[in-house]
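Everything below concerns the one structure shown next.
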There are 2 protein chains.
Amino acid sequence: MKSDASTSRPAMDIDLAEMGRRLRALREERGISLSELARRAGIGKATLSGLETGVRNPTLETLWAVTAELAVPITALLPRWGEPTLRGASVQATLLEAFDEESATYELYRLTFPAGTEQTSPPHPPGTTEHLTVFAGTLRAGPVDAPRTLGPGGHLSWRADVPHRYQVVGADDVQASLLMRYPRSSRATDSGVQPSRAPGRSAR
Amino acid sequence: MKSDASTSRPAMDIDLAEMGRRLRALREERGISLSELARRAGIGKATLSGLETGVRNPTLETLWAVTAELAVPITALLPRWGEPTLRGASVQATLLEAFDEESATYELYRLTFPAGTEQTSPPHPPGTTEHLTVFAGTLRAGPVDAPRTLGPGGHLSWRADVPHRYQVVGADDVQASLLMRYPRSSRATDSGVQPSRAPGRSAR
DNA sequence: CCACTTCGTTCCATATCCGGAACGTTCCGG
DNA sequence: CCGGAACGTTCCGGATATGGAACGAAGTGG
């Protein structure tokens with residue numbers, strides 16, 4: 001980052017103030033004072049204070065010490081899990097995991113389609129397949145010429161190297177997971193899902 | 001931190017070297033150079049180099065920039081995802097997400113079955129269903145009287161209120177995700193996995 | 001009413017993290 | 001062979017995160 005050389009304070013993509021609020025909330029839930037937490041975590045009060053007020057960009061070590069003492073995963077302070085990232089118009093996609101195997105790359109997403117969503121995706125690299133599982137709501141999805149309708153628990157796979165569509169049926173939002181499989185070496189040009197600016201920053 | 005006052009370099013609870021190795025692996029999987037990644041992420045080559053060799057304790061901002069560019073959650077670099085929790089004998093299960101819907105509770109796990117694993121699970125509460133997706137390796141799974149064999153990308157669902165089995169086929173470990181669906185009110189006493197502890201420090 | 005304690009913030013010297021530049025390698029193409 | 005380009009590491013001045021100490025503000029007990 002450091003995109004903007006004019007601001008002395010770096011244009012952080014993470015909302016430090018929000019992170020600070022979460023941290024303070026966590027601490028207060030446990031009913032311990034700032035001084036106490038700082039002491040237990042082995043960091044300076046000044047550091048913790050700065051962290052909670054969102055004026056510091058902590059070191060991994062510092063963050064670790066604090067979250068460890070609070071017994072929460074570091075992600076508890078971050079934007080939101082894997083941080084939802086926009087994809088297409090309204091669909092929210094969160095990358096949960098990515099695996100790189102010998103012959104293919106896998107990316108597991110959690111998706112939310114707001115009611116009314118109707119989106120068509122351009123083809124992905126050759127050989128790419130999508131494996132969709134619906135948790136809640138009803139979704140009509142698949143290749144544009146052979147879509148199927150899925151209710152909660154429904155599952156569908158298709159080749160994603162042709163145009164395909166997602167269309168919410170009914171008035172409820174749709175919650176789903178999507179496993180994308182990119183055969184090795186086709187992911188290269190990353191023409192597809194744009195795995196998402198993962199953690200989710202705000203452009204740059 | 002700073003538990004050890006004698007070492008000038010603070011006794012970090014995170015294994016920076018290990019984190020660096022993971023980072024480098026992620027970068028190389030994508031086939032891009034250190035210089036290139038540094039440029040894309042908007043950080044200095046020196047910084048990235050230091051990170052990958054494990055000699056730097058990065059700022060949250062730096063870490064964010066890199067993981068964002070790699071499109072992985074920050075946790076991909078940390079000790080171990082959501083902290084694996086033992087379940088059964090050798091199978092490792094990590095709870096990725098849990099959803100509470102009106103009519104059911106969903107739990108999404110990432111599973112690792114070491115080669116040779118063969119495990120039979122007792123019945124879950126009535127109405128429970130399991131939805132398994134294999135990422136790597138070959139797994140024979142399902143109700144004990146009607147198992148099926150799944151390769152990478154394979155998917156299978158079954159009612160889990162009867163005894164069912166997981167059996168690794170071949171010499172490779174199996175990576176998979178498992179979606180458990182507990183119809184409302186039957187989930188009762190959390191028969192399974194503990195959502196995982198926090199960052200997992202080294203005691204203190 | 002006043003010592004005393006604890007709280008969270010601010011000040012400050014020091015430690016160290018950051019990125020640009022310089023450097024030694026390796027890998028081509030001519 | 002020899003330039004040129006790209007790679008990853010090291011060097012270094014400048015920026016900033018860190019923790020100890022000082023500080024004012026509340027609370028507490030005598």
Side-chain angles (χ1 to χ4, degrees), chain A residues 1-14 16-17 19-70 74 77 204, chain B residues 1-14 16-17 19-70 77:
Chain A
M1 60 235 30
K2 273 312 139 40
S3 49
D4 185 354
S6 68
T7 56
S8 64
R9 189 144 283 280
M12 174 63 115
D13 285 324
I14 300 181
L16 289 176
M19 197 181 80
R21 277 189 290 277
R22 261 192 279 268
L23 174 54
R24 178 156 294 185
L26 281 170
R27 174 173 64 78
E28 293 180 340
E29 277 173 14
R30 289 164 176 66
I32 63 181
S33 70
L34 185 151
S35 313
E36 173 72 4
L37 177 57
R39 195 180 51 71
R40 285 197 210 171
I43 67 175
K45 290 202 300 180
T47 303
L48 184 52
S49 176
L51 242 180
E52 290 195 354
T53 50
V55 298
R56 277 199 194 181
N57 168 26
T59 276
L60 181 57
E61 182 184 346
T62 300
L63 207 52
W64 195 260
V66 175
T67 55
E69 190 53 46
L70 290 173
I74 278 188
L77 299 181
R204 181 179 42 244
Chain B
M1 71 243 38
K2 281 302 144 43
S3 48
D4 184 354
S6 67
T7 57
S8 65
R9 189 148 280 280
M12 173 67 112
D13 282 326
I14 299 181
L16 288 176
M19 197 181 80
R21 277 190 289 277
R22 261 192 280 268
L23 174 54
R24 177 157 295 185
L26 281 170
R27 175 173 64 76
E28 293 181 339
E29 281 169 8
R30 286 165 176 66
I32 65 182
S33 70
L34 185 152
S35 314
E36 173 70 7
L37 178 56
R39 196 181 51 69
R40 287 197 209 170
I43 67 176
K45 290 202 298 179
T47 303
L48 185 53
S49 176
L51 243 180
E52 290 195 352
T53 49
V55 300
R56 276 201 195 181
N57 168 25
T59 276
L60 181 56
E61 182 184 348
T62 300
L63 208 51
W64 196 259
V66 175
T67 55
E69 191 54 45
L70 288 174
L77 299 181

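Chain naming here is simple, since letters A, B, ... match the order of the sequence lines and numbering starts at 1 in each.
dG30(C) is paired with dC1(D) under the Watson-Crick or G-U wobble criterion, all donor-acceptor distances under 3.5 Å.
Note: CD1 (I43(A)) to C1' (dA15(C)) measures 16 Å, nearest angstrom. E61(A) has its CD atom 9 Å from the P atom of dT18(D), to the nearest Å. Atom pair L37(B):CG and dC7(D):P shows a separation of 12 Å (rounding to whole Å applied). Nucleotide dT6(C) holds its C1' atom 15 Å from the CD1 atom of I32(A), rounded to whole Å. With rounding to whole Å, L16(B) atom CG is found 13 Å from dT16(C) atom C1'. Atom CG of L60(A) and atom P of dT18(D) are 11 Å apart (whole Å). Atom-to-atom, CZ of R40(B) to P of dA6(D) comes out at 15 Å; the value is rounded to the nearest Å. Atom CG of N57(A) and atom P of dC18(C) are 8 Å apart (whole Å).
At the heavy-atom level, R39(A) lies nowhere under 4.0 Å from the strands shown.
Within the structure, the side-chain hydrogen bond (donor to acceptor under 3.5 Å, both in side chains) test picks out the following pairs touching residues 44-54 of chain B (sequence neighbours left out): R24(B)-E52(B), R27(B)-E52(B), T47(B)-R56(B).
In terms of the side chain to side chain contact (heavy atoms under 4.5 Å, CB included) criterion, residue partners of A17(B) (sequence neighbours excluded) are, by chain and number, D15(B), R21(B). With sequence neighbours excluded, no residue satisfies salt bridge (Lys or Arg N to Asp or Glu O under 4.0 Å) with E28(A).
Remark: R27(A) is not in phosphate contact with dC7(C), judged by side-chain N or O atoms under 4.0 Å from OP1 or OP2. Residue S33(B) has a polar side-chain atom (N or O) positioned under 4.0 Å from OP1 or OP2 of dC7(D). For dT16(D), neither phosphate oxygen OP1 nor OP2 lies less than 4.0 angstrom from any side-chain nitrogen or oxygen of T59(B).
Here the CG-CG distance, from L48(A) to L34(A), works out to 4.0 Å after rounding to the nearest 0.5 Å. Taking CZ from R40(B) and OG from S35(B), the interatomic distance works out to 12.0 Å, rounded to the nearest 0.5 Å. In this structure, L63(B) CG and T59(A) OG1 are separated by 10.5 Å, a value rounded to the nearest 0.5 Å. Atom CG of L60(A) is separated from atom OG1 of T62(B) by 10.5 Å, given to the nearest 0.5 angstrom.
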What N/O pairs connect the protein and nucleotides 9-14 of chain D at under 3.5 Å? Give each pair on its own line.
residue : atom : partner : partner atom : Å
dT9(D)  : OP1  : R24(B)  : NH2          : 3.4
dT9(D)  : OP2  : R24(B)  : NH2          : 3.4
dT9(D)  : OP2  : S49(B)  : OG           : 2.8

